[in-house]
Amino acid sequence: MTIRRHIPHVAKNSEFIFGTSVVEAAIKSHRRKLFRLYVYAGSNRTREAKIRDEHMKKLARKHHPDIEIVDEIDIGQLDSMSDSRPHNGYVLDAEKLHKVPLLTLGKVSEDCTEFGVQIAQHTTNPDIRLRDQSRTIKCRGQKRYPFVLMVDEILDPGNLGAIIRSAYYLGAEAVIISGRNSAPLSAVCLKASAGASEYIPIYEHTNSTTFLNGSKANGWKFYAAVPPVTKGDQKVQSKMARVLSESQVGRALFEGPCCLILGQEGEGLRPWLAKQANYQVGIAKGGDTDPMVDSLNVSVAAAILCNRFLNPTLLPNPQPQSEEKTKKEAKHESGPENKYEPEIGSRHEIKSQPDPNKLF
């Protein structure tokens with residue numbers, strides 16, 4: 001039985017994060033304060049590892065001149081700080097990463113380069129500096145509206161980290177996590193994100209109804225991830241929202257800002273929350289699949305659906321339209337101006353006020 005030693009933190013609000021990717025990302029992103037970098041310096045370190053060690057230390061000194069760097073020979077100390085999980089020879093004592101409390105998603109700018117977020121005015125976490133939080137998020141994609149991923153009651157930190165990794169890799173603008181019954185942004189979660197958690201904005205909300213209604217008023221459409229619909233329950237689910245397959249959402253981001261909602265492992269998305277969505281989307285099973293294998297891991301489902309929204313490679317690209325033609329069509333199809341959905345010029349290939357019946 002391995003006896004773990006207690007290694008004190010430099011600051012009260014700090015934590016140990018470990019692993020090559022997440023430590024390097026934390027150093028580069030400037031998202032939080034860094035206090036001390038531990039680098040394993042044992043005699044069994046390979047030549048390639050030593051080169052990487054020097055790179056990591058040089059990077060830390062460049063971005064954080066005040067950081068303390070410790071060449072640690074005792075591998076047991078690093079094992080204790082990482083709770084005996086793989087650390088690749090790097091442990092970083094850093095300020096904790098927090099989920100910023102969010103009320104609603106805001107409107108998208110007219111040129112579709114950014115959108116607003118309404119941050120909560122109060123928080124019970126004294127370490128979150130609400131005044132320092134940005135009220136806008138830059139859009140990462142060109143010629144499309146923004147895409148946000150919302151996860152509800154994901155309990156496994158490994159799954160949450162994998163979801164954050166997929167969302168960032170595929171181009172999502174932000175991740176929103178339910179404030180209750182959700183895994184924390186622990187060291188395990190951060191390592192599973194492979195550094196993505198240091199770059200993508202991460203928020204939490206405590207009132208789903210307020211969040212959805214406020215965001216809808218600002219033009220956002222919500223898509224609830226649900227099991228594939230069979231003939232027997234098609235009629236029931238169609239009363240909740242329009243039911244789509246994952247192949248039908250590729251055009252959604254050319255029509256307006258979208259938020260995909262995924263539910264917890266095992267139980268899936270809570271039914272009342274799925275009802276609040278504008279649409280429901282499921283991933284169809286392959287043919288001749290045994291009934292015992294009836295679902296995907298939530299992190300895998302998140303990656304598939306995010307990719308369908310953000311990289312619709314199976315769909316033809318929208319054809320450029322002249323500015324005069326675009327204005328005439330927009331005026332004909334949209335009717336009175338909708339103050340919640342911005343009108344975007346033809347260079348973005350996006351029409352204002354899309355007809356829901358022509359969405360896909």
Side-chain angles (χ1 to χ4, degrees), residues 2-100 127-129 132-134 138 140 157-158 160-169 175 183-202:
T2 303
I3 301 177
R4 298 193 185 98
R5 288 173 286 174
H6 172 70
I7 311 298
H9 291 280
V10 175
K12 291 182 179 180
N13 64 336
S14 68
E15 64 179 348
F16 293 127
I17 60 175
F18 45 85
T20 307
S21 297
V22 66
V23 169
E24 184 170 347
I27 292 172
K28 289 180 177 179
S29 66
H30 291 276
R31 197 166 180 178
R32 47 176 162 169
K33 293 180 180 179
L34 308 184
F35 303 109
R36 183 177 293 166
L37 172 63
Y38 296 87
V39 179
Y40 177 55
S43 59
N44 61 340
R45 202 73 164 149
T46 65
R47 180 176 179 274
E48 292 76 11
K50 290 180 179 179
I51 294 174
R52 191 171 64 242
D53 295 346
E54 292 305 314
H55 167 73
M56 192 76 78
K57 290 188 282 188
K58 183 178 180 181
L59 198 66
R61 293 189 185 102
K62 175 182 176 181
H63 290 274
H64 302 271
D66 296 332
I67 192 172
E68 181 182 358
I69 298 176
V70 178
D71 289 317
E72 182 56 60
I73 298 178
D74 184 2
I75 190 68
Q77 180 166 332
L78 297 181
D79 290 340
S80 295
M81 287 186 282
S82 67
D83 200 20
S84 297
R85 297 179 182 272
H87 50 69
N88 311 116
Y90 307 108
V91 177
L92 180 63
D93 196 355
E95 182 182 43
K96 290 182 179 179
L97 193 64
H98 300 288
K99 296 172 281 189
V100 179
D127 295 327
I128 299 178
R129 298 176 289 272
D132 297 340
Q133 305 303 322
S134 175
K138 297 291 184 182
R140 299 174 63 195
L160 181 58
I163 290 171
I164 294 172
R165 178 179 184 175
S166 296
Y168 178 72
Y169 177 84
V175 172
L185 295 179
S186 64
V188 174
C189 172
L190 301 180
K191 190 174 191 302
S193 77
S197 54
E198 303 294 329
Y199 296 111
I200 191 169
I202 301 176

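If you're wondering where the values come from, they're calculated on a predicted model, not measured in any experiment. Position 1 is the first residue of the sequence, and the numbers go up from there.
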Q) How many angstroms lie between CD1 in Ile7 and OG in Ser80, if you round to the nearest 0.5 Å? A) 5.5 Å
Q.
Taking the side chain as everything from C-beta on, heavy atoms only, tell me whether Tyr90 gets closer than 4.5 Å to Arg52.
A. yes
Q) Just how far is it from atom CD1 of Ile75 to atom CD1 of Ile73, taken to the nearest 0.5 Å? A) 11.5 Å
Q: Kindly give the heavy-atom pair with the smallest separation between Ile17 and Val23, and that separation in Å.
A: O-CG2, 3.8 Å
Q.
I need the minimum non-hydrogen distance between Ile202 and Ser197, along with the two atoms involved.
A. CD1-O, 3.9 Å
Q. Taking the side chain from Arg140 and the backbone from Tyr168, do they hold a donor-acceptor pair closer than 3.5 Å?
A. yes
Q. Which residue pairs pass the salt bridge (Lys or Arg N to Asp or Glu O under 4.0 Å) test when at least one of the two sits in residues 30-39, sequence neighbours left out?
A. Glu15-Arg32, Arg32-Glu198, Arg36-Glu68
Q) Closest heavy-atom contact between Pro8 and Phe16? A) O-CZ, 3.9 Å
Q) Rounded to the nearest 0.5 Å, how far apart are OH of Tyr38 and OG of Ser82? A) 12.5 Å
Q: Could you grab the distance from atom OG of Ser29 to atom CG of Leu34, nearest 0.5 Å is fine?
A: 7.5 Å
Taking distance alone, no hydrogens or angles, what donor-acceptor pairs closer than 3.5 Å link side-chain atoms of residues 57-67 to residues at least two apart or in another chain?
from: Lys57; atom 1: NZ; to: Glu54; atom 2: OE2; distance (Å): 3.1
from: Lys57; atom 1: NZ; to: Asp71; atom 2: OD1; distance (Å): 3.1
from: His63; atom 1: ND1; to: His30; atom 2: NE2; distance (Å): 2.9
from: His64; atom 1: NE2; to: Ile27; atom 2: O; distance (Å): 3.1

Q) Between NE2 of His55 and OG1 of Thr20, what distance do you get to the nearest 0.5 Å? A) 10.0 Å
Q) Just by distance, do the side chain of Asp83 and the backbone of Arg85 share a donor-acceptor pair under 3.5 Å? A) no
(Q) side-chain contact (heavy atoms from CB on, under 4.5 Å) for His87 and Asp79? Distances and angles first, verdict last. (A) CA-CA 8 Å; His87 50 69; Asp79 290 340; 2.9 Å; yes
Q | Side chains of Met56 and Leu37 in contact at under 4.5 Å (non-hydrogen atoms) | A | yes
Q | Distance-minimising heavy-atom pair for Phe18 and Pro86 | A | CD1-O, 3.5 Å
Q.
Does Ile164 form a side-chain contact (heavy atoms from CB on, under 4.5 Å) with Leu185? I'd like the steps, not just the answer.
A. CA-CA 10 Å; Ile164 294 172; Leu185 295 179; 4.1 Å; yes
Q | Minimum-distance pair of heavy atoms, taken over all atoms of Val188 and Gly158 | A | CG1-N, 4.5 Å
(Q) If only side-chain N and O atoms count, and only distance matters, is there a donor-acceptor pair under 3.5 Å linking Asn88 with Tyr40? (A) no
Q. Is Pro201 close to Val100 at the side-chain level, that is, under 4.5 Å between some pair of heavy atoms?
A. no
(Q) I'd like to know if Asp53 pairs up with Arg45 as an ion pair, taking the criterion as any Lys NZ or Arg NE/NH1/NH2 lying under 4.0 Å from an Asp or Glu carboxylate oxygen. (A) yes
Q) Can you name the nearest heavy-atom pair linking Pro157 to Ser186, along with the distance? A) CB-OG, 3.8 Å
Q.
Let's go through His9 and Phe35 carefully: what are the C-alpha distance in whole Å and the side-chain angles of both, what is the deciding distance for side-chain contact (heavy atoms from CB on, under 4.5 Å) to 0.1 Å, and is it a yes or a no?
A. CA-CA 9 Å; His9 291 280; Phe35 303 109; over 6 Å; no
